[in-house]
Amino acid sequence: MPANTTSEMFLRGVTAYIHKHYKKSMLPRLAEHPEDRLTCSAVIFSRLCREIWLIGDCQCLVDNQYYDNPKPAEAVLAAQRAVEMKRLLEQGLSQDELLRNDTARPLIIPRMIQSMKEQNITYSVIDGFHIPRQHVITVALDFQPHEIVLASDGYPFLRPTLAESERLLQQQREKDPLNIGPDFQATKGFHPDFNSFDDRSYIRFRV
C-alpha cells in the first residue's frame with residue numbers, strides 16, 4: 001500500500017483484492033454463504049495516519065492499554081463448549097481423551113457456522129465483500145512516543161513482551177489445557193500434537 005493509504009482506502013482495496021480471486025460463477029453462492037469465503041482478520045498500524053485498525057478478531061496494546069475486536073458469538077460458543085466439556089469429565093472421560101478427541105466441539109460447530117453468516121454484517125472480517133466501517137476498531141494516536149504491540153487472538157493474555165505473552169500461554173496450557181476454566185475459555189483446546197490452540201502472530205515496536 002502507499003504510505004498515505006487511509007483506513008477507508010485499505011478496506012476498499014483489500015476487499016477488491018480478495019474479491020477478484022473468486023470466480024464469477026461462485027459469487028451468488030458466496031453472497032448467501034459467507035462461511036465459504038476466503039476469510040481473515042488483520043491489525044494494521046498506519047504511521048502516516050497515526051492509527052491502528054482492527055478488522056476482525058485481533059488485538060493490540062498501546063502503552064499497555066488493551067484493545068480488541070472479538071466476534072460477538074465467540075464467548076457464548078466457548079461457554080457452551082465449556083459446559084459440555086465439564087459434563088463429559090463428570091461422566092468419567094479423561095482430560096487426555098478429550099484433548100485428543102474434543103467431542104464437545106462438534107456440538108457448537110453448527111452455531112459457529114450460523115454465526116459466520118453474520119460476518120461483515122454484525123462484525124468485520126476481510127473476505128472480499130463489503131466491510132462495514134462501524135465494525136472496524138480504530139485506535140487514534142497522538143504525536144507522543146508510544147510502544148505498540150499488535151497480535152492475533154492466539155494469545156489469551158497479551159502482554160508488552162513476547163516472552164511474557166508466551167509464558168502466560170504455556171501457563172494456560174499447563175493449568176487448563178481444555179480452555180474451559182474461569183480465566184479463559186475458547187472454542188477449542190490444546191491438542192497434544194500442536195504447540196498451541198490457535199495461530200500466533202506478535203510484533204512490538206515504538207513510534
Pair Asp153-Asp199, side-chain contact (heavy atoms from CB on, under 4.5 Å): steps then yes or no: CA-CA 8 Å; Asp153 65 343; Asp199 59 280; 4.3 Å; yes
Arg12 vs His130, side-chain contact (heavy atoms from CB on, under 4.5 Å): CA-CA, chis, key distance, verdict: CA-CA 8 Å; Arg12 288 196 304 269; His130 173 70; over 6 Å; no
side-chain contact (heavy atoms from CB on, under 4.5 Å) between Arg167 and Arg159, worked out: CA-CA 10 Å; Arg167 187 187 71 78; Arg159 293 295 184 268; over 6 Å; no
side-chain contact (heavy atoms from CB on, under 4.5 Å) between Arg81 and Glu84, intermediate numbers included: CA-CA 5 Å; Arg81 175 180 168 274; Glu84 176 63 13; 5.8 Å; no
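No continuous path of hydrophobic side-chain contacts links Ile137 to Tyr66 [ILVMFWY only; heavy atoms under 4.5 Å]. Ile109 and Met116 are assigned to two separate hydrophobic clusters, defined by single-linkage of ILVMFWY side chains at heavy-atom distances under 4.5 Å. Cluster annotation: Leu141 and Ile203 are assigned to the same hydrophobic cluster (Ile/Leu/Val/Met/Phe/Trp/Tyr, side-chain heavy-atom contacts under 4.5 Å, transitive). Clustering ILVMFWY residues whenever any of their side-chain heavy atoms sit less than 4.5 angstrom apart, transitively, puts Val62 in the very cluster that holds Val43. Cluster membership for Phe205 and Val139, using ILVMFWY side-chain heavy atoms within less than 4.5 angstrom, is shared.
Chaining together hydrophobic side chains whose heavy atoms lie under 4.5 Å apart leaves Phe143 on its own. Hydrophobic clustering, defined by side-chain heavy atoms of Ile, Leu, Val, Met, Phe, Trp and Tyr closer than 4.5 Å, groups Met85 together with Leu88, Leu89, Leu93, Leu98, Leu99, Leu178, Ile180. Other residues sharing a hydrophobic cluster with Phe129 under the 4.5 Å side-chain heavy-atom criterion for ILVMFWY residues are Met1, Phe10, Leu11, Val14, Tyr17, Ile18, Tyr22, Met26, Leu27, Leu30, Leu38, Ile44, Trp53, Ile55, Ile126, Ile131, Val136.
Using a 4.5 Å heavy-atom cutoff, the side chains of Thr5 and Pro2 are in contact. Considering only heavy atoms from C-beta on, Pro177 comes within 4.5 Å of Gln95 through its side chain. Arg50 is listed as a side-chain neighbour of His146, based on a closest heavy-atom distance under 4.5 Å. Side-chain contact between Leu61 and Pro160: present, with at least one pair of heavy atoms (C-beta onward) separated by less than 4.5 Å. Residues Leu169 and Phe157 have side chains not in contact (no heavy-atom distance under 4.5 Å, counting atoms from C-beta outward). Counting heavy atoms from C-beta outward, Asn179 and Lys188 have side chains that stay 4.5 Å or more apart. The side-chain heavy atoms of Thr187 and Glu74, taken from C-beta on, include a pair separated by under 4.5 Å. Annotation: side chain of Pro156 is in contact with side chain of Phe197 (closest heavy-atom distance under 4.5 Å).
Ion pairing between a basic and an acidic side chain is recognised when a charged N comes within 4.0 Å of a carboxylate O; Glu166 and Arg200 show such pairing. Salt-bridge annotation for Arg87 and Glu90: absent, with no side-chain N of the basic residue lying under 4.0 Å from a carboxylate O of the acidic one.
Between the side chains of Glu51 and Ser7, no donor-acceptor pair is found at a separation under 3.5 Å. No side-chain N or O of Thr161 forms a donor-acceptor pair with one of Glu164 less than 3.5 Å apart. If you check the side chains of Thr138 and Arg133, you find a donor sitting under 3.5 Å from an acceptor.
Across every non-hydrogen atom of Gly181 and Asp176, the tightest pair is N-OD2, 2.7 Å.
Taking CD of Glu35 as the start and CD of Gln119 as the end, the distance is 8.0 Å to the nearest 0.5 Å.
The neighbour count for Gln134 CD, taken as heavy atoms of other residues, nucleotides or ligands under 6.0 Å away, is above 12.
By the 30° and 60° cut-offs, the orientation of the rings of Tyr202 relative to Tyr155 is perpendicular.
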